[in-house]
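The next block holds one structure in the form of C-alpha cells; read it before the comments.
Since the structure is predicted, the reported quantities are computational estimates derived from the model, not experimental observations. Letters A, B, ... mirror the listed sequences (proteins, then strands); counts begin at 1.
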Amino acid sequence: MADYDIARDFIPALHRPSSLLPIAKHREALLYLTETFPVVIVVGMTGSGKTTQIPQFLESAGWCADGRMIAVTQPRRVAATTVAARVAEEMRCTLGQEVGYSIRFEDVTSASTKIKFLTDGLLLREALVDPLLSRYSVIMVDEAHERSLSSDVLLGVLKKIQKRRPDLRIIVSSATLQAEDFLGFFTSSTGESTGDATAELGGSTGRIVSLEGRMFPVDIHYLTSPAEDYVDHAVRTVFEIHSQEGEGDILIFLTGREEIDSCIESITERIPSLPTESQGLLPLPLYAGLSTEQQMYVFEETPENTRKVIVATNIAEASVTIPGIVFVIDCGFVKLRAFDPATGIETLTATAISKAAATQRAGRAGRTKPGKCYRLFTESAFDSLDEASIPEIQRSNLAPMILQLKSLGIDNIARFEYLTPPPSELIIRALEMLYSLGALDDYARLTKPLGLRMAELAVEPMMARVLLSASDFGCLSEILSIAAMTTLQGSVWFQHEGEKKAMETSRWKFAVDEGDHLTLLNVYQAFVTKGKNDAAWCRSNHLNFKSMTKAVSVRNQLKRYMERFGINVDESLASREVLRAGGPDKAEQIRRCLTIGYFAHAARMQPDGTFVTVDGTTTLYAHPSSLMFNRKADWVIFHEAMQTGEKTFIRDITKIEKGWLTQYAPEFYKIRK
DNA sequence: GAGCACTGC
C-alpha cells in the first residue's frame with residue numbers, strides 16, 4: 001500500500017486563507033450603491049450569504065414598498081426552492097407568502113409576495129407577457145458567472161429593459177472575478193460586449209462590491225509529472241489519503257459514468273487489502289443518470305468508523321453540495337456539450353476544465369473545515385488552463401434562443417447586445433433551421449401565428465412544429481404524449497442493480513415496430529391507464545416513476561398551451577385506449593406528423609445496419625437504447641444525434657417513407673429532387 | 001453487439 005507517496009508526487013501550493021467577515025458589514029454599502037447606481041455587481045464566494053441576505057436587505061430598506069417585488073434568479077430549480085425556504089425561515093414567514101418561489105410546474109407565490117426566487121429561464125418567459133418586467137423593482141441575477149444560455153440572454157434583455165426603465169435596479173452576482181466583464185457589459189453603450197470596464201469604473205452606471213466568503217483554506221497539491229491514467233491515479237490517492245490523513249470524506253471528480261463505475265470497482269477490489277484495524281472505505285457513485293433514490297446515498301450518515309468516497313461527475317461542482325467533504329481529487333476534465341453548425345450534430349467530448357472550475361472544485365473541500373485538494377495534473381498544466389470555460393451561447397444550437405428573442409420583439413439578432421457574441425455560423429444555422437420550419441419568413445421575421453406559437457411552447461423548435469401540425473394529422477393527443485416523453489431524454493427506463501436483462505425484456509414488451517416514438521407513446525398510455533400513481537407497477541416494468549410523472553406534467557402544460565391557442569385537443573380515443581385502437585392509419589399519421597418537424601434529422605439505414613445522413617457525409621449509429629439498434633429499417637427520422645468519441649449516435653428513431661421528406665419539406669430537399 | 005456531462009421553459 002505504501003507504493004505511492006503524496007509528499008513525493010504532489011507539491012503543495014500556497015493558499016490564501018479566506019476572511020470570516022460577515023456580509024452584514026456590507027449592508028449599508030450595498031443599499032447605498034443599489035440606491036445610487038442602476039447596476040451593482042456583487043462578487044462573493046459560496047458562503048458569503050449574498051443569495052439569502054441581499055434580498056432581505058433590499059426588502060427591509062423599502063424596495064417593495066410600492067407593491068413591486070424583488071426577483072432573484074437561479075440557474076437551477078433546486079436552488080430556487082431551497083434558498084426560498086431558507087429565506088422564509090429567516091424572515092419567519094410561511095413560504096409562499098412574503099417569500100416565495102416560482103419554477104416550471106410550481107408557483108409558490110401569492111399577492112403578498114415581496115421576494116421571489118425563480119429560475120432564469122422562467123423570468124425570461126415572464127418577459128413574454130410583461131416585456132418591461134414591471135412587477136419588479138430589483139432583479140438579482142445570481143450565479144451569472146456560470147454563463148448559462150438563459151442567464152446570458154436574460155442579462156442582454158435586462159440591459160435593453162433598463163434603457164426604458166431607469167428605475168429598475170439590476171444586481172449581478174458572481175462567484176469569480178469576472179465582475180469587470182459584467183460591469184463593462186452594462187456600461188458600454190456601443191453594443192460591443194467587450195467594452196473596457198476600467199474606463200467606466202468611476203462612471204455613473206454601476207459599481208462592483210466584493211464580499212468575503214466563509215470558506216476554510218484548502219491546500220492544493222499538484223502532480224510532479226502528468227498522470228498516465230487518472231482513474232488509476234485517483235484510486236491510489238484515495239488509499240494514500242486513507243492511510244495518512246485524518247478524518248473526512250473524499251470527493252473525486254471524473255468525467256462520466258463509465259469512469260466512475262471502473263473507479264468504484266478498483267476501490268472495492270483494494271478494500272480487502274486494508275489492515276484489519278483500519279477504518280472502512282465506502283465508495284459511492286454520483287451522476288445525473290442515477291435515480292434520486294440512488295443519489296440520496298451520498299447524503300446519508302456514514303456507518304461508524306467508515307470514510308465515504310464519493311465518485312462524481314461535474315454534478316458535484318455546483319449542482320449538488322455534499323457535507324463533510326475534506327479531500328477533493330480532481331482529474332481536471334469535464335464532458336462538455338457542443339453543437340457543430342456544419343453538420344447540426346451535437347458532440348459530447350471530454351475537455352480540460354478552466355481555472356475557475358478547478359478553483360470551484362477545490363473549494364468543495366473547505367466547507368466544514370480546512371481541506372486538501374489533489375489535482376491529478378501538474379502545476380504547469382494548471383497554468384495553461386483557460387480562465388473560464390467557453391460560455392454556452394458560443395457552443396449551442398441557438399435556434400431556441402433566437403426564437404425566444406424574436407418573440408420578445410428583438411428582431412435584429414445580430415445587433416442584440418450579447419455578453420459574448422455567438423459565432424456567426426451558429427446564428428446562420430439557427431436562422432436557416434427556423435426558416436425551414438416555417439417559424440421565420442423570407443425577411444427573418446417571426447411568422448404569425450406559427451412562429452410566435454412555436455416560441456411560446458416549452459419544447460425545442462422541431463417538436464414545436466410537430467405539435468402545431470398535429471391536429472391537421474388528427475393525432476394531437478398522441479403527439480402531446482410523444483413530445484412529453486422525448487423531454488425525458490432517456491430517463492424513461494430504470495435499471496435496478498444487476499437487472500439489465502430484465503430491463504431489456506420490459507422494454508421489448510412495449511416495443512412498437514415503427515420505432516421509438518410510437519414505443520414511447522405506448523409506454524405513456526400504459527402508464528396513465530395502468531400505472532398512474534402506482535410506483536410498484538412502474539418498478540415491475542422497469543419504468544422510472546418520477547420521470548413518468550414528469551411526462552404527465554409536461555403533457556398537461558403543453559395541452560394548456562394548445563388550448564390557449566384555440567386548438568382543440570380530442571382525447572376521446574387516445575387517453576383511454578392503447579395505440580392499436582387507433583389502427584395502423586393512426587400510426588402512419590403520427591409518423592408523417594413527426595416528419596414535418598424532424599425532416600432535417602433524416603437518415604437511411606445501410607446494409608451493415610449503420611445509418612447515413614441524407615447528404616451522405618456522416619455515418620450514424622443507432623443508440624443501444626433504441627429499438628432500431630437491432631432492427632431493420634430504410635428511411636428514418638430521429639430526435640437527436642450526439643457524437644461521443646469516434647461514433648455519432650442517434651436516439652428516438654422512427655421509420656418513415658422517403659417521399660414524405662420532399663412532400664413536407666420541399667424547400668429543404670429541393671436540391672436532391 | 002454495445003452506451004449518455006449538466007441545466008431549463
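- Among the protein residues, A/Arg651 comes within range of the nucleic acid bases, having at least one heavy atom under 4.0 Å from a base atom.
- Looking at A/Arg76 and A/Glu146, a side-chain N of the basic residue comes within less than 4.0 Å of a carboxylate O on the acidic one, giving a salt bridge.
- Comparing A/Lys647 and A/Gln74 against DNA chain B, the residue whose closest nucleotide sits nearer the 5' end is A/Lys647.
- Distance alone, capped at 3.5 Å, places no donor-acceptor pair between the A/Asp107 side chain and the A/Ser102 backbone.
- In this structure, A/Arg337 reaches the bases: a heavy-atom distance under 4.0 Å links it to at least one base atom across the strands shown.
- The aromatic rings of A/His639 and A/Tyr598 lie tilted to each other, with the angle between the two planes from 30° to 60°.
- Atom OG of A/Ser150 sits about 3.5 Å away from atom CG of A/Asp120, to the nearest 0.5 Å.
- If you check every strand for non-hydrogen atoms under 4.0 Å, A/Thr313 touches sugar and phosphate atoms only.
- Contact annotation for A/Tyr621: no contact, since no heavy-atom pair falls under 4.0 Å across all strands.
- Sequence order on DNA chain B of the closest nucleotides to A/Phe629 and A/Lys335 puts A/Phe629 first from the 5' end.
- Listed for the A/Arg555 side chain is a donor-acceptor partner under 3.5 Å among the backbone atoms of A/Ser477.
- Within 4.0 Å (heavy atoms only), A/Arg125 reaches at least one base atom of the nucleic acid.
- The closest side-chain heavy-atom distance from A/Leu254 to A/Cys263 is below 4.5 Å.
- The outermost nucleotides of DNA chain B lying under 4.0 Å from heavy atoms of chain A, listed 5' to 3', are B/dG1 to B/dC9.
- A/Ser150 comes within 4.0 angstrom of no nucleic acid atom, judged by non-hydrogen atoms across all strands.
- Within the 4.0 angstrom heavy-atom criterion, only backbone atoms of the sugar-phosphate kind lie near A/Leu122; the bases stay farther away.
- Among the heavy atoms of the strands, none lies under 4.0 Å from A/Leu124.
- Using a 4.0 Å heavy-atom distance criterion, A/Asp120 is classed as making no nucleic acid contact.
- The residue A/Glu146 sits apart from the nucleic acid: no heavy atom pair falls under 4.0 Å.
- Nucleic acid contact for A/Ser625: base, since at least one base atom lies under 4.0 Å from a heavy atom of the residue.
- Counting heavy atoms from C-beta on, the side chains of A/Gln295 and A/Leu286 come closer than 4.5 Å.
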